[in-house]
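In what follows, a structure is listed as structure tokens, so that the remarks can point back to it.
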Amino acid sequence: MNEEYLNRGMDLKRLVLYFQRKIWVIIMMTVLGATFGGVAYQVMRSMKMPVEYQTVSKLYLSFAVDESGEVYQYYNGYTWNDLLDCDPILDLIMAELPGYEKDKVREATTAEILSDIRLLTITVRGDDEKFVREVRDATETGLMLYAQECEEINLIKVIRSGMPQRVYWDNRTSAACITGAMILGFIALLGFGLAYVLNESVYVQSDVEKRYGQKALGILTQNQKGLEPYAGELKANIHYVLGNCKTFGILDMEDHADARRLELLGLLNRGEMEVCIETGEDDFGWHIMEDDLTKEQGEWEIVSFNENTLGEEECKKIRELGGVVVLLPFGKDMGRRTERILCLLRNQECPVLGMIIEQADEEFLNRYYA
């Protein structure tokens with residue numbers, strides 16, 4: 001039976017209802033992930049991003065006329081980039097920059113012709129504002145001097161000289177929030193999925209039969225009225241399994257055997273529960289009067305045992321009673337503890353008449369069996 005349980009298929013409806021009970025945690029984890037992603041990105045953007053400055057200059061070029069009377073047209077962005085790297089212009093620029101390395105200046109400067117060949121765009125980038133400003137001024141001066149020596153160009157003049165500006169990464173806060181939400185949401189789903197696979201809690205009667213190979217006699221709900229379908233099924237199964245025997249034992253895995261005993265006595269002897277008195281146990285849905293502990297219960301007699309006090313004398317009593325019904329808490333993983341108790345009962349030759357799920361959530365059951 002254990003091998004069959006391990007190889008069981010996925011109960012999709014049970015899985016959906018399980019996640020419905022945890023959906024608020026998944027939503028909270030998703031929101032937390034979005035918040036963390038956005039904050040982390042902003043921190044990295046403001047603190048970890050390399051400091052870089054940039055300035056952009058616009059220069060107007062006036063070209064000379066060639067031997068055929070045509071204006072020179074072959075100057076483009078690639079040409080100007082090559083010219084800036086060559087000694088004639090670079091030497092003019094470096095003359096304005098004493099103390100700077102030529103390679104550093106070459107790497108910091110870029111020339112582009114964006115649309116009109118008469119408009120040259122010079123971009124200077126560097127990690128120091130003063131360096132960027134001085135290279136900009138030197139490049140503008142060097143190009144104007146070069147125009148005086150070049151036969152293809154009559155004049156180069158500066159029409160706009162930009163101030164150094166701090167360069168920032170693109171603002172991708174929204175993408176960072178979405179990424180953080182997806183990561184933590186996926187982790188939450190994965191965690192709950194793993195917990196579901198490893199969870200050996202019982203929710204419905206089929207869980208009892210598959211997990212322990214025992215008869216599932218029925219369900220005790222949290223707010224049992226005695227005439228509801230679950231109570232009727234439980235009462236019918238107990239009558240059938242015990243037959244003419246009106247005495248049996250119950251073993252509660254959650255150690256609330258006395259309260260469960262009163263619930264079952266009310267169901268079997270009166271057919272309903274009187275919801276009128278507090279027992280001091282907040283988790284009990286069936287409120288039992290203290291007088292019920294001593295008053296006559298009727299033809300049915302139930303002896304209660306708790307899991308944490310089960311010993312030699314208790315096992316002897318169970319054998320005298322002819323068997324015991326094990327009560328499993330709804331939605332609580334007690335698989336290993338229950339296996340240990342079942343092993344003890346087998347070794348002591350104490351028959352297990354069946355199992356009952358206690359304190360079940362009616363809303364969960366109604367949705368599952370809908």
**Request:** Step by step, work out the side-chain contact (heavy atoms from CB on, under 4.5 Å) result for V352 and L251.
**Result:** CA-CA 10 Å; V352 177; L251 173 60; over 6 Å; no
**Request:** Determine, step by step, whether L310 and I318 satisfy the side-chain contact (heavy atoms from CB on, under 4.5 Å) criterion, reporting the C-alpha distance in whole Å, the side-chain angles of both residues, the deciding distance to 0.1 Å, and the verdict.
**Result:** CA-CA 10 Å; L310 191 63; I318 291 174; 4.1 Å; yes
**Request:** Assess whether side-chain contact (heavy atoms from CB on, under 4.5 Å) is satisfied between I156 and L120, documenting all intermediate values.
**Result:** CA-CA 9 Å; I156 295 179; L120 175 63; 5.7 Å; no
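Of the N and O atoms on the side chains of T123 and Q54, not one donor lies less than 3.5 Å from an acceptor on the other residue. Judged by distance alone, the side chains of Y230 and N366 do bring a donor and an acceptor atom under 3.5 Å apart. In the model, E140 has a side-chain atom that pairs as donor or acceptor with a side-chain atom of S57 under 3.5 Å.
Contact detail for L97 and E134: the closest heavy-atom pair is CD2-O, 3.5 Å. Here the closest non-hydrogen pair linking I219 and A360 is CG2-CB, 3.4 Å.
Between R211 and E339 there is a salt bridge, since a side-chain N of the basic residue sits under 4.0 Å from a carboxylate O of the acidic one. By the 4.0 Å N-to-carboxylate-O rule, R260 lies close enough to E263 to be salt-bridged with it. Here R125 pairs with E52 in a salt bridge; the nearest charged N to carboxylate O distance falls below 4.0 Å. The pair R367-E363 meets the salt-bridge criterion, since a charged nitrogen lies less than 4.0 angstrom from a carboxylate oxygen. Using a cut-off of 4.0 Å between Lys/Arg side-chain N and Asp/Glu carboxylate O, R261 and D258 are scored as not salt-bridged.
By the 6.0 Å contact criterion, OH on Y240 is open, its count of non-hydrogen atoms from other residues, nucleotides or ligands being 12 or less.
F131 and Y53 have their aromatic ring centers separated by at least 6.0 angstrom. Residues Y203 and F364 place their aromatic rings such that the two centres sit under 6.0 Å apart.
Interatomic distance, E307 CD to L328 CG, rounded to the nearest 0.5 Å: 11.0 Å.
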